[in-house]
Amino acid sequence: MAATSVVVLDRGNNTTCTINLHGATVVSWRVNNQEQLFVSKQAVFDGKKAIRGGIPFVFPQFGPWTFGPQHGFARIVRWNLEKAPERLASGDVEAIFSLMDSDFTRSIWSFPFQLTYRLILREKELHSNIAVYNPSKDTTFSFNLLLHTYFKVPDVRRCQITGLQGCTFLDKTSNEGALYQETRDVVTIGEWTDRIYQNTPHEHIITNVVSGRKMRIQKCNFPDTVIWNPWMDHAKEMNDFGDDEYPNMVCVESGHVSSPVILLPGMAFEASQILQVM
Ligand code: TA6
């Protein structure tokens, strides 16, 4: 019998979180039966390709990579269920996933590592806590880390994203490498958008998400925020993304990507994100 590939955290009141062990990808987060995350209708679940939507786990590389797949290997390998979903005294539900180096990862990136990914489902919140451990006795390694969250929205053109004013950003839609400063107090999206905002505040709010609600993002040790929508032309370039789906999603991604994390032997790095439906 095929091993379980999907883990469900069920908090009751139609509040659930579903994780595919392929990439430890959160593929659904329902609050009072309202889905908060976007997953493309064309998403591929072949255990090989990254799942187009939900919350892909980006490690050890963000973006193109000389040594391996874009956005690293963590989102395209099978993770372990370290601790099955358990209801805590608070009524919240917790599960823990883990990933360590393997023949496959070492064929791409020679460093031993241990990833621990703890998810806690609260009434209207999804907490993601990540630890990266360097078990080596003598070797330092560096990495990027990012949660590539696809939020489901009725119409991205009506969304506003706070907390970016004054931040420097790399605009990947223009000549590579140019840095700009965000002057708007709220960022809106009306065209192809692919920006890495640097040293952003700990909190962003996205307006007009599902049911016209707001989504609060709180992040710790994720100094950068990536904003992405492929818009019409780039949507057509992806075979796992419907041509007409781009109005219904926005990626607001908590990450440590503008500079690498340097992890000394025996040390650990921790980062976390809280998503809250307001
Ligand atoms: O996070 C934004 C981004 O880096 C975009 O440049 C775009 O490539 C997106 O990720 C999706 O990348 P993927 O490898 O999942 O197709």
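All ligand and atom numbering here is 1-based and tracks the order in the structure.
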- Task: Mark up the atoms of ligand 1 that fall under 4.0 Å of a heavy atom belonging to Lys172, in ascending order.
- Result: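 Within the 4.0 Å cut-off of Lys172, ligand 1 contributes 4 (O), 6 (O).
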- Query: What atoms in ligand 1 come closer than 4.0 Å to a heavy atom of Gln70?
  - Reply: 8 (O), 12 (O), 13 (P), 14 (O)
What orientation do [X] and [Y] show, parallel under 30°, tilted 30 to 60°, or perpendicular over 60°?
{"X": "Tyr197", "Y": "Phe169", "result": "tilted"}
{"X": "Phe59", "Y": "Phe73", "result": "perpendicular"}
{"X": "Phe269", "Y": "Phe143", "result": "perpendicular"}
{"X": "Trp109", "Y": "Phe113", "result": "tilted"}

- For atom 6 (O) of ligand 1, closest protein heavy-atom neighbour: Asp194 OD2, 2.5 Å
- Close approach of His234 to ligand 1, heavy atoms, under 4.0 angstrom: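 Distance cut 4.0 Å: His234 fails for ligand 1.
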- Query: Does even one non-hydrogen atom of Arg52 get within less than 4.0 Å of ligand 1?
  - Reply: yes
- Query: Would you say Tyr150 and ligand 1 have an N/O pair spaced under 3.5 Å apart?
  - Reply: no
- Kindly confirm or rule out an N or O of Trp228 lying under 3.5 angstrom from an N or O of ligand 1. no
- Option set His71, Arg75, His148, criterion heavy-atom distance to atom 15 (O) of ligand 1, minimum: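 Checking each option, the heavy atom nearest atom 15 (O) of ligand 1 is found in Arg75.
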- Task: Using the rule that two of Ile, Leu, Val, Met, Phe, Trp, Tyr join whenever any of their side-chain heavy atoms come within less than 4.5 Å, decide whether Tyr117 and Val27 are in one cluster.
- Result: no
- Task: Kindly determine whether Thr18 and Arg30 satisfy side chain to side chain donor-acceptor pair (under 3.5 Å), including the steps that lead there.
- Result: CA-CA 9 Å; Thr18 305; Arg30 301 182 78 89; over 6 Å; no
